[in-house]
Protein chains: 2
Amino acid sequence: MVIISASPEAHELAVAVTKEVARAGGSPFTVMASEEITRAFYDGAAEDTIALYPKHQESLIQACDVFIALSAPVNTRALANIDSKRIIALSRTVQKITDLRLSKRWCLTVHPCRTLAQQANMSLEEYQNFVYGATLIDWKAESKNLYLMKEHFEQHKDVRFVGPDTDLHASTEGRIWVASDGKHNMPSGEVFTAPVETTVEGKILFDVPFLQQGRVIEGVKLRFEKGEAVDFSAEKGQETLKSILDTDAGSRRLGEIAIGTNRGIKQYTLNMLFDEKMGNTVHCALGNSYKENNGTNRSAVHVDMIKTMVNGEVIAGDEVIYSKGKYFFETQAPGRPSIGKKTQRK
Amino acid sequence: MVIISASPEAHELAVAVTKEVARAGGSPFTVMASEEITRAFYDGAAEDTIALYPKHQESLIQACDVFIALSAPVNTRALANIDSKRIIALSRTVQKITDLRLSKRWCLTVHPCRTLAQQANMSLEEYQNFVYGATLIDWKAESKNLYLMKEHFEQHKDVRFVGPDTDLHASTEGRIWVASDGKHNMPSGEVFTAPVETTVEGKILFDVPFLQQGRVIEGVKLRFEKGEAVDFSAEKGQETLKSILDTDAGSRRLGEIAIGTNRGIKQYTLNMLFDEKMGNTVHCALGNSYKENNGTNRSAVHVDMIKTMVNGEVIAGDEVIYSKGKYFFETQAPGRPSIGKKTQRK
């Protein structure tokens, strides 16, 4: 039992995926998602309607084995003028469904469309090439590097991001680092974990703009004490950032820390699925953590934010995992346990 | 709990309907349907995959209260080259789901799109005017006439369609005539019942072309004995007609007989939703009957076929309900029980 969730602009891909699902002996069923449908719901719904639990959606997802999401926005800014509180309220209403979906076999990809091309300042053809350049990489080689990085991270009990305006430290003891090699997100190319949420300390500048609730947020600075974001600011979208932080107890803590590795992604396109995977970046997410990481932070939101690390370093324990444009496996022969080790740090 | 089923071309209408559902305090959820998605399933699926019962679909529909279908085909001929047997096989697989959907509050309409405009030999703007002309009629007046006609039909125990190449008779004893005034189909404008399926006798020529399984069927002649179609022919699409008749025991019998009344529909457009409602027509469906009519014929198919009645008559018992372009209520003052009575017929 397979659900294919597609925007109307991804219909073409939904058709292709339906054929492959049928070929594999699956029973495909397509649902439609778009920012305009979501917007229309906000425009019509009173508070108690937003709080209404969509049991029919739950029943559908409960009954499926696989959930495939094909994203192709019709308008990435359709929610820009909706009150953040109402967006957060809906996240809360459907949180159980979001969790349920993630408990299934799932994947998410993008179908190149004009909306995303425009957002990326590209023609449709350029954008198609961008998407296929990011997705049609040598996943076997990528996977090998990602698993090697996971292995190195898991030899240590903590992680540190260091760079301009940034020195963030967290314990990762007992947590699992996941090598994301294209089985869920496509494109992927990241190694991520859930930090021990009470141990995050220090400051970080997220210098890559991102979209949240249909609004651009830019230049986010966060300072953490005992895991909690105690100071925050943003050059753009500070109100939206505040609404995110104020969601619930878990939204002031980090649910994810990660390092992007995909060198097929050559530029930022204001699309988290791609931007957070770009090589030479790290990202952190406020809010909900993933069970596959042994994460324990719970929240109705999961908001990723990215930092360029061209001038930064990622250090796990006493080992430099990444430094100024190079992962440890790019500087030395991979597979040796001592690789990247560097004394006198931290 | 509301399900909105929309083609990608009906996205605009799905957005508008979502807003109204939310306004009414409902929880809307949109699913995507298109002939290309269906086609892709056939292209990929082996026989046992076509036979696989889609439990996830059932779960969704089971959990809903209302089902709204917004049709706007992307290609009405997408299934034209699929083997009829496979199409019938899928109908059988999902028959329980079709029944389940009809047991809910439901409605079906069309969003004017280029595909349907082209099929109707119109520009999009002309076709939009056609659709709105058929749907934005005086439903109060229409409803009054339809209920009056239902009342008259129900004073009798049988019905006869007479016209060129046509003399069809059936008992309607114990059956309910439904006045369809726009609460399910939009547009509507028909009074229909399920004939007592073993009593259909005589012959009929369906002279209006129609689409079935992505193929045009035209000039269908049927002859019934004891309810069963014992002779059949078609000027076009005879193989498809044969595959329909051979579906199961119920597909050789009539599940519906009806008279169309919508004078807002000015021409045929090869679209059953509109064509069968046109004034001066009757239609019959091979296959499944509706429970709301007290129908008892069961089949995996329900295939409507239309006959122009400009030169025909519809007679119930000893009463002429319709004759050559006029319903009884158009010739005399409505509301009087003796209206339309005509002795010495039948």
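By convention in this document, chain letters (A, B, ...) are assigned in the order of the sequence lines, proteins followed by strands, and residues within each chain are numbered from 1. This is a predicted model, so every value here is computed, not measured.
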Mind checking the NE2-CZ spacing from A:His56 to B:Phe29? Nearest 0.5 Å is all I need. 7.0 Å
Specify which of A:Ala40, A:Ala46, A:Ala45, A:Cys64 makes the most heavy-atom pairs with chain B at under 4.5 Å. A:Ala40
If you count heavy-atom pairs within less than 4.5 Å of chain B, which of A:Lys55, A:Glu58, A:Gln57 leads? A:Gln57
What closest approach, in Å, do B:Phe41 and A:Gly26 show between heavy atoms, and which atom pair accounts for it? CE1-O, 4.2 Å
Taking atom OG of A:Ser59 and atom CE of B:Met1, what is their separation to the nearest 0.5 Å? 9.5 Å
Could you tell me whether A:Arg114 atom CZ has more than 12 heavy atoms of other residues or ligands within 6.0 Å of it? no
Is it true that atom CZ of B:Arg86 has more than 12 heavy atoms of other residues, nucleotides or ligands lying nearer than 6.0 Å? yes
Counting heavy-atom pairs under 4.5 Å with chain B, which one of A:Val15, A:Thr38, A:Asp65 comes out on top? A:Val15
Report yes or no: does B:His11 contribute a side-chain atom to a donor-acceptor pair with the main-chain N or O of A:Ser34 at less than 3.5 Å? no
Give a yes or no on this: more than 12 heavy atoms of other residues, nucleotides or ligands lie within 6.0 Å of atom CD of B:Gln118. no
For B:Ala6, which atoms come within 4.5 Å of any heavy atom of chain A: side chain, backbone, both, or neither? both
Kindly check if the number of other-residue, nucleotide or ligand heavy atoms within 6.0 Å of CD (B:Gln119) is above 12? yes
Less than 4.5 Å to any heavy atom of chain B: does that hold for the side chain of A:Thr49, its backbone, both, or neither? side chain
Highest number of heavy-atom pairs under 4.5 Å with chain A: which of B:Leu52, B:Ile50, B:Val17? B:Leu52
Taking side chain as everything from C-beta outward and backbone as N, CA, C, O, which of these in B:Val74 sits under 4.5 Å from a heavy atom of chain A? Side chain, backbone, both or neither. side chain
So how far is it from A:Asp43 CG to B:Arg23 CZ, rounded to the nearest 0.5 Å? 8.0 Å
Structural part of B:Ser7 lying under 4.5 Å from a heavy atom of chain A: backbone
Side chain, backbone, both or neither: which part of B:Tyr53 has an atom under 4.5 Å from a heavy atom of chain A? backbone
How long is the straight-line distance from CD of A:Gln62 back to CG of B:Leu60, given to the nearest 0.5 Å? 13.0 Å
How many angstroms lie between CD1 in A:Ile37 and NZ in B:Lys19, if you round to the nearest 0.5 Å? 14.0 Å
How long is the gap from CD on B:Glu12 to CD on A:Glu36, to the nearest 0.5 Å? 8.5 Å
Less than 4.5 Å to any heavy atom of chain A: does that hold for the side chain of B:Thr30, its backbone, both, or neither? both
Between A:Ala14, A:Ala63, A:Ala10, A:Ala22, the one whose heavy-atom pairs under 4.5 Å with chain B are most numerous: A:Ala22
